[in-house]
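Inspection log for the structure reproduced underneath, given as structure tokens.
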Amino acid sequence: MRLNIPSCIIKLPNIYNYLLFFMKKLLQKNLLIVNFKRMWPYIKPYWGRACLGVALTVPVGALDGVVAMFLKPFMDKVMVDKQPHFSALIPFLIVGFTIVQGVLIYASNYFNTWVANKITISVKRKLYDKLLSMDTSYFDRNNSGTILMRYSNDAETASNGLIDNLKQFLSKTFSSISLVFVLFYNAWQLAFIAIAVLAFFVYPMSIVRKKMKDIMTKTVGNLSYVMTIYNETFAGNKTIRSFTLEDEFKERFRDVTDMRFALAMNLVKGTNWLSPLMHIIMSIGIAFVIGCGSYLIVSGKITSGNFVAFIAALMMLYTPLKSVGNNYISIQQSFLAIDRIFDILDLQPTIKDHAQAKELKEIKKDIVFEHVFFEYTRGREVLHDINLEIPVGSTIALVGNSGGGKTTISALLPRLYDIKKGAIKIDGSDIRDISQKSLRRHIAMVFQDNFLFSGTVRENILLGNGHASEETIWQALKNSCLDDFVKGLPQKLDTQIGERGILLSGGQKQRLAIARAFVKNAPIVILDEATSALDNKSEKVVQEALDNLMKNRTVIVIAHRLSTIQNADKIVVINDGKVVEQGTHEELLKLHGAYYSLYSMQFKKQEKGNA
């Protein structure tokens, strides 16, 4: 039976033109190019080495075609014509080219790794800058695992993946170009068949990408939760032990790892059919080539050497595509990480300085809350029409039921959150017209649970003022009733206090936070239940330190124990987000209202405790 192969081949250029058009359209939408453009600002500073590393991939890929080309003369001259000098020369040339290729691969990997790590550092710094610019509400909405995944891990996945993929893309591109040249050089008729088969690779890969995006998004969420569990286990290990929660946490971790397993298997089911499908498509392509090639050899249109070189080049062209399923997962992880990075970089903090924001130099008169309304989440108002006036140098105490809004009021003054309606003014200027940094430089805060950073006593105190002298530090420690303790430490100021100050007692942590506030020397001090978590002995020492801190400053005290605020210039009772009473201790007692009820309850409890 005679096949009309020549006539079929004549029609193949039309298929080839269609493929060129199709590949051009695909290239325009190529995600690698799109993501490369988005990452360009981070690649640009290292462009020289990046170009060198990428340029080295060109000969690496092109040399694949050279090795395949040598098989034609070897086959024709040695195997067919029996010319002995070719049998000795060609193996040495092949080894020589392979050695050159190996050296180029090493150099390319070195430069690309250097660039990838530099880009990773740049992206991480940019992300960290963005993290520091985000509002307090952003941290309220996101857990620690999400922050770690999106601000750290994604940067490494995106940067390393982009460079690796770009290197692979260019290497395989030039390898493919050289190999396609070998195909056309040896048997242009068969080359059209081989290239036509490649068109069948595109559609399955587009299906895989759609399935992967949803699975990878869920996987990132799952990994974020895993990190959150690790963080909570580390930070809450005492609570886990004391409440015997080991079994509950084991079960929680089993559930999340089971989910991780299910997602991994869904990824396998959704994507791993790609590689076997590629094998089948390639085997069909090779079968067609062998069938048509046999005809061309018999008809004398190509030599055996042409055919062997063609088959070698074809195998080298097809082989990387066999593992495309596995590589495609890595590529998509990189692309999705880049998408998540730019989602973050596109975020805008809700609290930011406007273009004409002014610097706060000093506070001369007062702080005023005018008809302030506030809500953490839309539709759930927590402060309703708050009106307060705090003269400079005075002490105002906020008391009331738990959850009434006292801490919220203290968080609004340094603009940790922005109000819904109304205004907060300092010397008549709305704090939204003042730059955030200059506003917060004038405010020192001491919380119930102060965050201490890993490092030394000195480093934690200097957070209040990085330029403070040794004398200032020791004076702050003295005023905080902590100087004797620090003098007794092995390295004194340079003693490590552990993560979150774990090596200090509760009272020592509070006094170190007070020393930090002393060094800051801010004219406004906010004390948010700074002694409520302490025993009576520790409270007495810390209260003495607080009394020192409050001298000659404007102070807002949030107190649970009313005995600590009886001397305040004004006491404001906040219940359910509203100001219900305000006045001095004596004035409020005479009203027999909310403050009187609070005071009476505490007084009775104190009497029972003393009895």
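Atom set for the values below is all heavy atoms of this structure, side chains included, hydrogens, waters and symmetry mates excluded. All values derive from a computational prediction rather than experimental measurement.
- The closest side-chain heavy-atom distance from Ile497 to Leu512 is below 4.5 Å.
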Check your understanding: Yes or no on side-chain contact (heavy atoms from CB on, under 4.5 Å) for Leu462 and Ile473, after CA distance, side-chain angles and deciding distance?
Key -> CA-CA 8 Å; Leu462 288 177; Ile473 294 173; 3.7 Å; yes
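- Here the straight-line distance linking atom NZ of Lys250 with atom CZ of Arg254 works out to 7.0 Å at 0.5 Å rounding.
- Thr456 places none of its side-chain heavy atoms less than 4.5 Å from the side chain of Leu493.
- The shortest distance between side-chain heavy atoms of Tyr138 and Ile147 falls below 4.5 Å.
- Counting heavy atoms from C-beta on, the side chains of Thr233 and Tyr230 never come closer than 4.5 Å.
- Closest heavy-atom contact between Lys126 and Leu345: CG-CD2, 3.7 Å.
- Under the 3.5 Å distance criterion, the side-chain polar atoms of Asp135 are left unmatched by any main-chain donor or acceptor of Ser137.
- A donor-acceptor contact shorter than 3.5 Å is absent between the side chain of Lys118 and the backbone of Tyr46.
- At distances below 3.5 Å, at least one donor-acceptor pair connects side-chain atoms of Asn460 with backbone N or O atoms of Phe453.
- How far CZ of Arg415 is from NZ of Lys352: 11.0 Å, rounded to the nearest 0.5 Å.
- In this structure, Arg440 contributes its side chain and Ser435 its backbone to no donor-acceptor pair below 3.5 Å.
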Exercise for review: Let me see the working for Lys130 and Met134 under side-chain contact (heavy atoms from CB on, under 4.5 Å), right down to the final yes or no.
Suggested key: CA-CA 6 Å; Lys130 174 63 71 172; Met134 298 310 293; 3.8 Å; yes
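- Looking at Asp418 and Thr350, their side chains never come closer than 4.5 Å, going by heavy atoms from C-beta outward.
- Proximity of a side-chain donor or acceptor of Asp353 to a complementary backbone N or O of Gln436 within less than 3.5 Å is detected.
- Residues Ala468 and Val519 approach most closely at CB-CG1, 3.6 Å, considering heavy atoms.
- In this structure the side chain of Thr120 reaches within 4.5 angstrom of the side chain of Lys124, judged on heavy atoms.
- Stacking of Arg252 on the aromatic ring of Phe249 is recorded, both the 6.0 Å distance cut-off and the 45° axial limit being met.
- The neighbour count for His354 NE2, taken as heavy atoms of other residues, nucleotides or ligands under 6.0 Å away, is above 12.
- We find that Arg458 and Glu470 are joined by a salt bridge, their nearest charged nitrogen and carboxylate oxygen being less than 4.0 Å apart.
- Here the closest heavy-atom approach between residue Tyr417 and residue Asp140 is recorded as OH-OD2, 2.6 Å.
- Aromatic pair Tyr128/Tyr151: centroids not less than 6.0 angstrom apart.
- The CG atom of Asp494 sits 10.5 Å away from the CG atom of Leu489 when rounded to the nearest 0.5 Å.
- Here the side chains of Glu359 and Arg441 are in contact, with some heavy-atom distance below 4.5 Å.
- Here the side chains of Val226 and Arg260 are not in contact, with every heavy-atom distance at 4.5 Å or above.
- A 6.0 Å sphere centred on CE of Met259 holds no more than 12 heavy atoms belonging to other residues, nucleotides or ligands.
- Summarising the geometry, atom CG belonging to Asp258 is positioned 8.5 Å from atom CD belonging to Glu251; distances are rounded to the nearest 0.5 Å.
- To the nearest 0.5 Å, atom OH of residue Tyr110 and atom CH2 of residue Trp114 are 8.5 Å apart.
- The minimum heavy-atom distance between Leu127 and Ala155, with the atom names listed, is CD1-CB, 4.1 Å.
- How far CG of Asp346 is from CD1 of Ile341: 11.5 Å, rounded to the nearest 0.5 Å.
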